[in-house]
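Quick note: numbers below take in every heavy atom, side chains included, and nothing from hydrogens, waters or symmetry partners.
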Amino acid sequence: MTSYNKNFLTNARREFIRAKVRQVHQKLWDECRSERALNPNFSSVSILNPGKALQLLGYKLSTRNLEDWHDGEWVQVAGMVDRASKEVTISNAQQHDAQLFTIAHELGHVVLHPYMAILHRDRPVKQTLQSHDIIEREANYFAAEFLAPEKLLRDEFQTIFGEAPFALNDHTAFALCASRLEVIQKKLRTRRDLSRYLAETISYNGCNFDSLKKRFMVSTDVLAIQLEQHGLVAEY
């Protein structure tokens with residue numbers, strides 16, 4: 001998967017999309033009021049369920065084999081929105097994190113693009129944030145913000161790694177890999193390398209934990225991009 005440039009969307013449009021994400025999150029938060037009251041171990045990350053959000057918006061979610069004719073061949077279609085029947089269909093030919101991202105992506109279409117055609121197909125099956133189509137870029141941005149929103153991501157990140165932004169130095173290199181800084185720098189040559197490593201790591205400073213990737217149930221690349229976009233990893 002390749003990264004995306006946040007400047008593909010204007011600041012105003014990105015803030016509009018984040019506001020829409022917050023509205024959907026609030027619906028999910030309100031829906032689980034009873035569970036929050038009864039469960040002392042309730043995790044805020046657990047509300048980040050795009051399938052449940054679609055249900056609250058009156059949409060049915062299903063999975064099946066999805067194909068469409070494209071450039072002279074049949075290709076797997078990642079997802080499809082049918083506004084007439086209020087149904088979102090997701091390809092079953094995807095791994096779990098890619099499938100979750102696709103559901104959040106289709107949720108983005110439902111929320112952001114009410115003018116969209118009655119039947120809309122996304123293709124092909126790839127979990128990527130890069131697209132030449134503004135509609136797809138917006139849905140991708142919505143999905144990333146929905147699944148790994150800044151506040152929750154920052155809280156989880158700082159609980160593990162301390163104050164952000166995370167920067168490699170003698171102390172953090174040893175805490176992260178029990179190695180000298182120059183050794184780690186040869187392995188993690190770019191900011192993206194470090195972001196990906198932080199997304200996947202399950203141990204820091206002698207403590208073991210579920211990785212951020214596992215907590216948020218998104219791909220390493222999507223999470224790495226979110227860490228960078230929200231300033232949680234220092235520039236190299």
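- With hydrogens and angles ignored, the 3.5 Å screen pairs no side-chain donor or acceptor of Thr201 with any backbone N or O of Tyr197.
- A distance of 7.5 Å separates CZ in Phe146 from CD1 in Ile47, rounded to the nearest 0.5 Å.
- With sequence neighbours excluded, no residue forms a ring pair (Phe, Tyr, Trp, His ring centres under 6.0 Å) with His171.
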Next item on the list: Kindly determine whether Leu57 and Lys27 satisfy side chain to side chain contact (heavy atoms under 4.5 Å, CB included), including the steps that lead there.
Entry: CA-CA 9 Å; Leu57 294 175; Lys27 288 180 181 290; 4.2 Å; yes
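- Residue Leu223 holds its CG atom at 5.5 Å from CG of Leu153, rounded to the nearest 0.5 Å.
- The distance from the CG atom of Leu176 to the OG atom of Ser203 is 8.5 Å, given to the nearest 0.5 Å.
- Ring planes of His109 and His113: tilted class, angle from 30 to 60°.
- Inter-residue side-chain proximity for Ile103 and Val88 is flagged as unmet; no heavy-atom pair is nearer than 4.5 Å.
- Proximity of Pro165 to Val233: side-chain heavy atoms (C-beta onward) are nowhere separated by under 4.5 Å.
- The two atoms that bring Leu168 and Thr172 nearest to each other are CA-OG1, 3.3 Å, heavy atoms only.
- Once rounded to the nearest 0.5 Å, the distance linking CG of Leu28 with CZ of Arg33 reads 12.5 Å.
- Of all heavy-atom pairs between Asn49 and Gly51, the closest is OD1-N, 3.0 Å.
- Side chains of Ser195 and Glu228: a donor-acceptor N/O pair is present below 3.5 angstrom, by distance only.
- Distance alone, capped at 3.5 Å, places no donor-acceptor pair between the Arg192 side chain and the Ala224 backbone.
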Checklist line | Derivation and outcome, side chain to side chain contact (heavy atoms under 4.5 Å, CB included), residues Leu100 and Asp97 | finding: CA-CA 5 Å; Leu100 192 67; Asp97 57 0; 5.6 Å; no
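- In this structure, the side chain of Arg137 does not engage the main chain of Leu9 through any donor-acceptor pair within 3.5 Å.
- Annotation: Arg180, atom CZ; neighbour count of heavy atoms from other residues, nucleotides and ligands within 6.0 Å does not exceed 12.
- Distance alone, capped at 3.5 Å, places no donor-acceptor pair between the Asp155 side chain and the Leu152 backbone.
- Taken together through direct or relayed side-chain contacts under 4.5 Å among Ile, Leu, Val, Met, Phe, Trp and Tyr, Val183 and Phe166 form parts of separate hydrophobic clusters.
- Considering every non-hydrogen atom in both Asp193 and Lys187, the closest pair reads OD2-O, 4.3 Å.
- Using a 30° and 60° split on the angle between ring planes, Trp29 and Phe42 fall in the perpendicular class, above 60°.
- Ser211 and Ala199 get closest at one heavy-atom pair: CB-O, 3.6 Å.
- For the residue pair Asn140/Glu136, the side-chain donor-acceptor check at 3.5 Å is not satisfied.
- Residues Gln26 and Gln23 have side chains not in contact (no heavy-atom distance under 4.5 Å, counting atoms from C-beta outward).
- Counting non-hydrogen atoms of neighbouring residues, nucleotides and ligands closer than 6.0 angstrom, the CD atom of Gln158 exceeds 12 such neighbours.
- Residues satisfying the ring pair (Phe, Tyr, Trp, His ring centres under 6.0 Å) test with Phe157, not counting sequence neighbours, are Phe161.
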Item checked: Test log, rule side chain to side chain contact (heavy atoms under 4.5 Å, CB included), inputs Val218 and Lys213 -> CA-CA 6 Å; Val218 296; Lys213 174 185 175 179; 5.6 Å; no
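- Cluster annotation: Phe174 is not connected to Tyr204 through the hydrophobic network of ILVMFWY side chains, with a link wherever side-chain heavy atoms come within less than 4.5 Å.
- In the hydrophobic cluster analysis, where Ile, Leu, Val, Met, Phe, Trp and Tyr join through side-chain heavy atoms closer than 4.5 angstrom, Leu194 is grouped apart from Ile202.
- Cluster membership check: Ile90 shares its hydrophobic cluster with Leu56, using side-chain heavy-atom separations under 4.5 Å among Ile, Leu, Val, Met, Phe, Trp and Tyr.
- Every residue was checked against the ring pair (Phe, Tyr, Trp, His ring centres under 6.0 Å) condition with Tyr59, not counting sequence neighbours, and none meets it.
- A donor-acceptor contact under 3.5 angstrom links the side chains of His230 and Glu145, judged on distance only.
- Ion pairing of Glu15 with Arg22 is present here, as a side-chain N (NZ or NE/NH1/NH2) and a carboxylate O approach within less than 4.0 Å.
- Side-chain atoms of Arg189 come within 3.5 Å of backbone N or O of Lys186 as a donor-acceptor pair.
- Residues Lys20 and Val24 fail the side-chain proximity criterion, which asks for heavy atoms closer than 4.5 Å.
- The structure places OG1 of Thr102 at 7.0 Å from CD of Glu106, a figure rounded to the nearest 0.5 Å.
- The structure places OG of Ser46 at 5.5 Å from CD of Glu35, a figure rounded to the nearest 0.5 Å.
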Check: Please walk me through it: do Gln99 and Thr63 pass side-chain hydrogen bond (donor to acceptor under 3.5 Å, both in side chains)?
Finding: CA-CA 9 Å; Gln99 192 174 80; Thr63 61; 5.3 Å; no
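- Between Leu48 and Leu147, the shortest heavy-atom contact is CD1-O, 3.3 Å.
- Using a 3.5 Å distance cut-off with no hydrogens or angles, the side chains of Tyr141 and Arg18 do pair a donor with an acceptor.
- Contact detail for Ser179 and Ile184: the closest heavy-atom pair is CB-CD1, 3.6 Å.
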Notebook entry, point to check: Between Phe216 and Gln226, is a side chain to side chain contact (heavy atoms under 4.5 Å, CB included) present by the stated rule, with each step listed?
Noted result: CA-CA 11 Å; Phe216 286 93; Gln226 288 299 92; over 6 Å; no
